[in-house]
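First up is the structure itself, then whatever we jot down about it.
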Amino acid sequence: MSELQEQRERLHLKLQSPLSTAAPPPPSPPPPAHANLASPLSLRSASPKLEDCPYTAYFSKDTRTHVVEELLETEKSYVDSLQTLINKYLKPLKEAENSVKLDADIVDEIFFQVPEILAHHLEFLEALEDRLKNWNMKQKIIIGDILLETFSKQSVIESYTAFIKNWKSARETIKSTCQSEPAFARFLETMAREHKGKLALDSLFIMPVQRIPRYELLIQTLLKHTEESHPDFSTLLEAQKAVHALAVHINCMERDSLELEQIERLIEGLGHLVAADRTFLRHDLVTMAVSAQSLGRKERALFLFSDLLVITSIKRKSGTARKMATTSPESVTSSFEANKYKLLTKIPLENIEVVKIKDKSLRRMLWEIENLTKDISTLSQMSNLVSTLHCSHLQLESSIRDMLSALNKQLADRQASDSQLSYLELILHTRNGSENVSIAFSKPEERASWEGTFNEAKQRLSVSAEKKSTPEFVIPLQIRKTRAGLQFTCAAPSACQKDVWVCNSDGYIGQVCRLSLYPKPTVSQCIPVHSARILCITAVPAISKNREEDQGNRGSTSVSISVEDIDQGGNIHLDSSSSSEGEDEKEKDKERTDSDAKQLPMGVRQISQDNDKESTMWLGTEDGCILIYKCIESCRTRENCVEIKHGSAVYSIVYFHDKVFVSLANGNVCVYSRDQNNAWNTSEPTSILSIGSAVAPVTRMCPVLDKLWCSSHSSIHIVEPSSLKIVHKFSVSGDTNRAVTCFVVAGLGVWLSLHNSANMRLIHAASYETLAEVNIAPAVTKMLDSCDDIIRQHKAACLRVTSLLAHKELLWIGTSAGVLLTMPLPTITQSTTRLNSVPVASGAPHGHTGHVRFLTMVEKAPKEGDGRPKDDKSSNEILVISGGDGYEDFRSTNIAEVAGREDSTNHLLLWRM
């Protein structure tokens, strides 16, 4: 008898004795973690009288402790298994000196997402161990928050989802590689013998699939022994929901994969059917022409999947009757096994078209059949109702019966007279050209049903393809440095969208590089403009002729794109133009400036904006200056510049609601407005908003839903632009030391990243709720696989998001590793709450050797003279531009000859959307 059972028996006898007045015995220590979980529960159920005992709560707490300890011990075992996969299999297989010569891509395919899952569970295990150090049965210690935080994290969900999708394919890869590489098979046998549990790779590999349901069972048991008044109860319920959702998702994926495996085994010659996001839709038995010249037809089977059509021949098994087609996935095996199938062809749905019915008589026939079917149904209902009448109804019943008979005969005649109703013509586009295929279904209804399912699948594929569309890389532009230390800081397109202003510095001087888009993207100017680093830049358009129209469209204004980290002190430079070119420009610019200046009052510098040609660029510097240039004029001479001096560094500039908002390092936000003559009064700001402080300045600003969001460290202050009042404030992170470094809005979603973080957060623009958290590390690590180990480890160790850009359905992400990522944007509505899944980020093949310093976008119109209306922007070309240190093609595994010489040269990379 166990010690716990003896303790219970003694306590039970004392409680049954009426003479017993002794104090209860002291609590015994909790059972060991390796004890059987069922034992305490079975003992309690075996002693029903114990339910009324005042010590029942104690035993419940004891069982609760036991469950938590079992969670800890099983988690240690799980982490140990994952580490075995990494240390005993993955790493040795990737070592160059290993006798097993496998391609690195094959190894990565087999162990896809295993390192990421291990990283998540190392954090989870550490949190569990820290919590259990202070575990005391007399205290109400909570554990649900750790479970909830781990299994509601988007990066954890994505890692498990990606692993499950790849799991079947990885098993097939292991199997085929063992057959083709005997050394690999011997390696697996050796590792299985050396492993302390004698587990083969397959046994270790299935553990992530089995682990999630195990968590759900443990949480359910923990809930059973946690009182509702316990502070851990509510968080455990939320954790159970999160784990259950993940388990259901995995089960659905498993079911789909199992179904595809069954179909693959049934069809001779069909392989590699299991694929991510592929599902089975329906199976139909049809007849098809033997050849285009022959009139003969043969039985065929159609297997329709979400992205694929498989056509097979049919051979009936002896003693079996032909079974009807089914669209029910649950009965796949039973409906297929009646026949033998052999693959004839498989073709993607995107390469198939359905020939529409053009003949009017055929369409009329379809309409008549549909109406006859409805009338027959109505008459059948009437016949049933007539039979319930109490009065004499023989004549009425006879009339309905005759009418019903006549309509049935008409329907049969219509269906028999035109067999084309059951025919479907497809056009298959293959490498050898297009081919027309005529398919005959057994009934017109089956034909219509199949066509409807096919069209729905094609539509879903089309929507998915739009979201996954990849940009087209245009060109890398090399910007050579004239001195060491030059780095890009920020960039913005001019209001006229004809050029892009790129700022750079080396800490001693600020320069502007103008990228002209016409006739093709080229660097036209590179000019020093200030003796300090330029931190931010934005375009300010000229006042519209109809100011009301301009203010009506003021929500879609340009946003300042700033340097990634204000406190890093990195600066930038580009090539300077020759001084001889500057003298001519200087004289011309001076004449224009002097002419304008004569009309200005003494002591007040204003920039008139009477037409579109007088839009301006506002640049903010580290020494507290704002430099204002007209877009059409050269910034080579100081006479063309209006300078506003502040006592603190300018971190961000935003043009919004026909105002210019400027955030300073002292925590203030200055607001500049136009005067009654539509000129910018630069002598003093209209208003000064005290939002942050010198310790927590406003480093980023972004217009969101007709409000201005200002970030001060990890807090967001929301300003109403008309009244200039702070209408709301909330925090995006519990870590007040991490400031918001990147900020971008996409519809009702606001994406942001924190200082030195590889995570992005999605905030609802209306409810301010955190909808998702995305970790970019897995996608970046995958892109860096071909890099040198030391370089890869260095980039991964200090990985962070450095820039963000949103355009239509795509989010662009710049990283400190030089990798550019793109991610389809999820749809956010007013009622959207926390997302169950977020699209996975994927790496662009072209990127930078060093940091991605900025991302910006410009709309390039077609060439003039093409007959297109001036205000028609439907055919405008969208260019996305990234600026960063060096240029790297991640598709190449070879070290370029120029590595070490060109890897620090600044580059602008252009993509066409």
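Only this structure's heavy atoms are used, side chains among them; waters, hydrogens and symmetry mates stay out.
- Between the side chains of S733 and S714, no donor-acceptor pair is found at a separation under 3.5 Å.
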If you apply the rule side chain to side chain contact (heavy atoms under 4.5 Å, CB included), what do you find for L752 with V732, and how did you get there? CA-CA 9 Å; L752 53 84; V732 296; 4.0 Å; yes
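- Contact record, I653 with G620: CD1-N, 3.6 Å, taken as the closest heavy-atom pair.
- When each of Q478, H907, H846 is tested with Y887 by the rule side chain to side chain donor-acceptor pair (under 3.5 Å), just one qualifies, namely H846.
- You'll find the side chain of I527 stays beyond 4.5 Å of the side chain of Q511, heavy atoms only.
- The two atoms that bring L689 and L724 nearest to each other are CD2-O, 3.5 Å, heavy atoms only.
- Proximity of a side-chain donor or acceptor of T489 to a complementary backbone N or O of C503 within less than 3.5 Å is detected.
- Taking all atoms of both residues into account, the shortest heavy-atom contact from P493 to M617 is O-CE, 4.0 Å.
- Not a single donor-acceptor pair under 3.5 Å links the side chain of S652 to the backbone N or O of S663.
- Taking all atoms of both residues into account, the shortest heavy-atom contact from G884 to H848 is N-CE1, 3.2 Å.
- Residues V819 and E888 are not in side-chain contact: their nearest non-hydrogen atoms beyond the backbone lie 4.5 Å or more apart.
- In this structure, T802 contributes its side chain and G814 its backbone to a donor-acceptor pair below 3.5 Å.
- Distance CE/M823 to CH2/W812: 13.5 Å, rounded to 0.5 Å.
- Side chain of R800 to backbone of A758: no donor-acceptor contact under 3.5 angstrom is found.
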Verify side chain to side chain contact (heavy atoms under 4.5 Å, CB included) between E622 and V650, making sure each step is shown before the conclusion. CA-CA 6 Å; E622 194 172 36; V650 180; over 6 Å; no
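- Distance NE2/H755 to NE2/H713: 9.0 Å, rounded to 0.5 Å.
- Looking at V750 and R761, their side chains never come closer than 4.5 Å, going by heavy atoms from C-beta outward.
- Between the side chains of W618 and T616, at least one donor N or O lies within less than 3.5 Å of an accepting N or O.
- Taking NE2 of H851 as the reference point, atom CG of D885 lies at 7.5 Å (rounded to 0.5 Å).
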Working note: S516 + D499, criterion side chain to side chain donor-acceptor pair (under 3.5 Å); need CA distance, chi angles, decisive distance, verdict. CA-CA 4 Å; S516 298; D499 56 6; 5.4 Å; no
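- Here CZ of F656 is found 9.0 Å from SG of C702. Values are rounded to the nearest 0.5 Å.
- Counting all heavy atoms, side chain and backbone alike, A539 lies closest to Y655 at O-CB, 4.0 Å.
- Between V801 and T815, every side-chain heavy-atom pair lies at or beyond the 4.5 Å cut-off.
- Shown here are the side chain to side chain donor-acceptor pair (under 3.5 Å) partners of H807, two or more places apart in sequence or in another chain: there are none.
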Under 3.5 Å donor-acceptor pairs involving side-chain atoms of residues 762-770, not counting sequence neighbours:
residue	atom	partner	partner atom	Å
H764	ND1	A766	N	3.0
H764	ND1	S767	N	3.2
H764	NE2	T829	O	2.7
S767	OG	E769	N	3.4

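- Looking only at distances, a side-chain donor or acceptor of S816 sits under 3.5 Å from a matching main-chain atom of C798.
- Just one residue in the list I628, L619, L627 forms a side chain to side chain contact (heavy atoms under 4.5 Å, CB included) with C641, and that residue is L627.
- Counting heavy atoms from C-beta on, the side chains of L708 and M701 come closer than 4.5 Å.
- In this structure, CD1 on I881 lies 7.0 Å from CG on L908, to the nearest 0.5 angstrom.
- With contacts defined as side-chain heavy-atom distances shorter than 4.5 Å, the pair S155/E773 does not qualify.
- Between A665 and P697, the closest heavy-atom pair is O-CB, 3.4 Å.
- In this structure, the side chains of R834 and Q154 stay at 4.5 Å or more apart for every pair of heavy atoms.
- Once rounded to the nearest 0.5 Å, the distance linking OG of S803 with CD1 of I813 reads 9.5 Å.
- Using a 4.5 Å heavy-atom threshold, the side chains of V502 and R514 count as separate.
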Would you check, one step at a time, whether the test side chain to side chain contact (heavy atoms under 4.5 Å, CB included) holds for L664 with V669? CA-CA 6 Å; L664 305 176; V669 173; over 6 Å; no
What do the steps show when you test L879 against L517 for side chain to side chain contact (heavy atoms under 4.5 Å, CB included), and what is the final call? CA-CA 10 Å; L879 293 178; L517 301 179; 4.2 Å; yes
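- Side-chain N/O atoms of N668 and H646 include no donor and acceptor closer than 3.5 Å.
- Note: W911 and F473 have perpendicular aromatic rings, judged against thresholds of 30 and 60 degrees for the angle between ring planes.
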